[in-house]
Amino acid sequence: MELAVRRPSKIVAVHLNYRSRAAQRGKVPRFPSYFFKPPSALAPPGVLERPAGTELLGFEGEIALVIGTRAVAVAPGDGWRHVAAVTAANDFGVYDLRAADAGSNVRSKGADGFLPIGPVLLGARDVAPDGLRLRTWLNGDLVQQASSADLLFDFGFLVADLSQTLTLEPGDIVLTGTPAGASVAVPGDLVEVEVDAGALTSGRLATRIAEGARGYRIGARPATDPELARLAWGTDD
């Protein structure tokens with residue numbers, strides 16, 4: 001079914017959850033940690049403007065869970081039952097602003113349009129939660145490829161873990177992490193993300209990067225350093 005982009009009550013994202021990404025970052029978490037993206041970050045396929053004055057616009061292909069039924073303090077074995085659908089997502093962020101809100105990602109990942117999602121929903125009952133393939137292309141080159149079987153914390157566990165703290169409502173979105181291969185996109189680049197399970201596919205979520213005219217004039221300003229650039233490009237993670 002086609003995905004109508006609407007505003008959920010919340011969007012929760014996992015920091016590290018693929019074994020390949022954890023190996024790249026040199027740390028394997030004992031349990032998942034999370035951050036929020038605002039509903040205003042949601043966007044359909046289209047054009048994303050890199051904020052003026054920034055350089056390190058990172059892309060991260062992800063599998064997004066769309067919650068179907070209210071989840072409160074559910075058991076890990078029941079978590080998947082509360083998922084209505086899955087689809088492709090791209091968790092964009094500006095590394096230049098990471099220092100502004102260390103840990104919360106408010107400025108670096110919370111900008112309007114920084115979460116393209118879709119274009120098609122795959123019904124959760126039609127797919128196996130450990131049988132999904134995630135792929136990301138940059139200008140036609142395959143740069144990310146992983147299976148949901150490679151997750152450190154599976155979908156059901158994530159739903160259950162979150163539901164201990166907050167109520168997941170129908171329409172809420174859980175971003176389940178990105179594998180190795182996430183990197184930087186610059187104006188003119190085309191980033192595409194697809195989730196599939198055999199013949200079932202989300203379709204390619206295509207985002208063209210453009211140079212934005214709007215930047216930051218007050219408060220924290222964009223800033224980079226060699227360590228941020230290394231993390232953003234994923235060269236030595």
Worksheet item: Taking all non-hydrogen atoms of both residues, which atom of W137 and which atom of R204 are closest, and how far apart?
Response: CZ2-NH2, 3.2 Å
Worksheet entry | Qualifying residues under side-chain hydrogen bond (donor to acceptor under 3.5 Å, both in side chains), relative to E194, sequence neighbours excluded | R135, T201
Discussion item. Using the salt bridge (charged side-chain N to carboxylate O under 4.0 Å, His left out) criterion, which residues pair with K109? Sequence neighbours excluded.
Written reply: E60, D91
Worksheet item: When you measure from the side chain of R21 to the backbone N and O of N17, does any donor-acceptor pair fall under 3.5 Å?
Response: no
Item to complete: Report whether V186 and L138 are members of the same hydrophobic cluster (ILVMFWY, side-chain heavy atoms less than 4.5 Å apart, transitive linking).
Response: no
Fill in: Distance-minimising heavy-atom pair for P38 and G110
CG-O, 3.3 Å
Worksheet item: With sequence neighbours left out, what residues match S20 under side-chain hydrogen bond (donor to acceptor under 3.5 Å, both in side chains)?
Response: none
Worksheet item: Is there side-chain contact between L205 and E192, with heavy atoms separated by less than 4.5 Å?
Response: no
Fill in: Hydrophobic cluster membership, V74 vs F31, 4.5 Å side-chain cutoff
no
Item to complete: Heavy atoms only: give me the nearest V127-A197 pair and the separation to one decimal.
Response: CG1-CB, 3.8 Å
Worksheet entry | Closest approach of A124 to W80 (non-hydrogen atoms, all atoms of both residues) | O-CZ2, 3.3 Å
Worksheet item: Are V191 and V47 connected in the hydrophobic side-chain network, where two residues link if heavy atoms are under 4.5 Å apart?
Response: no
Practice prompt. Let me see the working for V66 and V86 under side chain to side chain contact (heavy atoms under 4.5 Å, CB included), right down to the final yes or no.
Written response: CA-CA 6 Å; V66 181; V86 300; over 6 Å; no
Item to complete: Check P116 against P44 and note the closest heavy-atom contact, atom names and distance.
Response: CB-O, 4.2 Å
Worksheet item: Just wondering, more than 12 heavy atoms not from R214 lying within 6.0 Å of its CZ?
Response: no
Discussion item. For a 4.5 angstrom cut-off between non-hydrogen side-chain atoms, does N90 reach L115?
Written reply: no
Discussion item. Would T224 and D96 count as a side-chain hydrogen bond (donor to acceptor under 3.5 Å, both in side chains) here? Give the steps.
Written reply: CA-CA 5 Å; T224 64; D96 313 52; 5.3 Å; no
Discussion item. Tell me every residue that passes side-chain hydrogen bond (donor to acceptor under 3.5 Å, both in side chains) with D78, counting only those two or more places apart in sequence or in another chain.
Written reply: R81
Discussion item. According to a hydrophobic-cluster definition based on side-chain heavy atoms being under 4.5 Å apart (Ile, Leu, Val, Met, Phe, Trp, Tyr only), do L166 and I67 belong together?
Written reply: yes
Worksheet item: So how far is it from I173 CD1 to S9 OG, rounded to the nearest 0.5 Å?
Response: 10.0 Å
Worksheet item: Below 4.5 Å, heavy atoms only, C-beta onward: do F92 and I209 meet side chain to side chain?
Response: yes
Fill in: Gap separating the CG atom of N105 from the NZ atom of K37, nearest 0.5 angstrom
8.0 Å
Practice prompt. Say whether, by atom type as modelled, one donor and one acceptor occur between the side chain of D225 and the main chain of L228 under 3.5 angstrom.
Written response: yes
Discussion item. So, taking the atom named CG in L48 and the one named CG in L57, what distance separates them when rounded to the nearest 0.5 Å?
Written reply: 5.5 Å
Item to complete: Give a yes or no answer on whether the side chain of R50 reaches the backbone of T54 with a donor-acceptor pair at less than 3.5 Å.
Response: yes
Worksheet item: Roughly how far apart are T176 OG1 and I63 CD1, rounded to 0.5 Å?
Response: 5.0 Å
Worksheet item: When rounded to the nearest 0.5 angstrom, what distance separates OH in Y216 from CZ in R107?
Response: 9.0 Å
Worksheet item: Are the side chain of S108 and the backbone of V94 linked by a donor-acceptor contact shorter than 3.5 Å?
Response: no
Worksheet item: What's the verdict on side chain to side chain contact (heavy atoms under 4.5 Å, CB included) for T167 and R70, showing C-alpha distance, side-chain angles and the deciding distance?
Response: CA-CA 7 Å; T167 299; R70 198 167 186 260; 3.6 Å; yes
Fill in: Single-linkage hydrophobic cluster I11~F114, side-chain heavy atoms < 4.5 angstrom
no
Worksheet item: Has the side chain of T87 got a donor or acceptor atom that lies under 3.5 Å from a matching backbone atom of V120?
Response: yes
Worksheet entry | Main-chain N/O of G177 paired to E62 side chain as donor or acceptor, under 3.5 Å | yes
Practice prompt. Assess whether side chain to side chain contact (heavy atoms under 4.5 Å, CB included) is satisfied between F59 and V193, documenting all intermediate values.
Written response: CA-CA 10 Å; F59 64 84; V193 184; over 6 Å; no
Worksheet entry | Rounded distance (nearest 0.5 Å) linking atom CG of L168 with atom OG of S163 | 6.5 Å
Fill in: Working for side chain to side chain contact (heavy atoms under 4.5 Å, CB included), residues V83 and V159
CA-CA 8 Å; V83 178; V159 171; 4.0 Å; yes
Worksheet, complete the sentence: Across all chains, not counting sequence neighbours, the side-chain hydrogen bond (donor to acceptor under 3.5 Å, both in side chains) partners of T69 are H82
Fill in: Heavy-atom closest pair, residues P8 and D172
CB-CA, 3.7 Å
Please set out all donor-acceptor pairs under 3.5 angstrom arising from side-chain atoms of residues 142-153, sequence neighbours excluded.
{"unit_1": "Q144", "atom_1": "OE1", "unit_2": "G61", "atom_2": "N", "d": "3.1"}
{"unit_1": "Q144", "atom_1": "OE1", "unit_2": "T136", "atom_2": "OG1", "d": "2.9"}
{"unit_1": "Q144", "atom_1": "NE2", "unit_2": "T178", "atom_2": "OG1", "d": "2.8"}
{"unit_1": "Q144", "atom_1": "NE2", "unit_2": "P179", "atom_2": "O", "d": "2.8"}
{"unit_1": "S147", "atom_1": "OG", "unit_2": "A149", "atom_2": "N", "d": "3.0"}
{"unit_1": "S148", "atom_1": "OG", "unit_2": "P129", "atom_2": "O", "d": "2.8"}
{"unit_1": "S148", "atom_1": "OG", "unit_2": "G131", "atom_2": "N", "d": "3.3"}
{"unit_1": "S148", "atom_1": "OG", "unit_2": "L132", "atom_2": "N", "d": "3.0"}
{"unit_1": "D150", "atom_1": "OD2", "unit_2": "S147", "atom_2": "N", "d": "3.2"}

Discussion item. Using the ring centroid of each side chain, check whether H15 and Y34 are separated by less than 6.0 Å.
Written reply: no
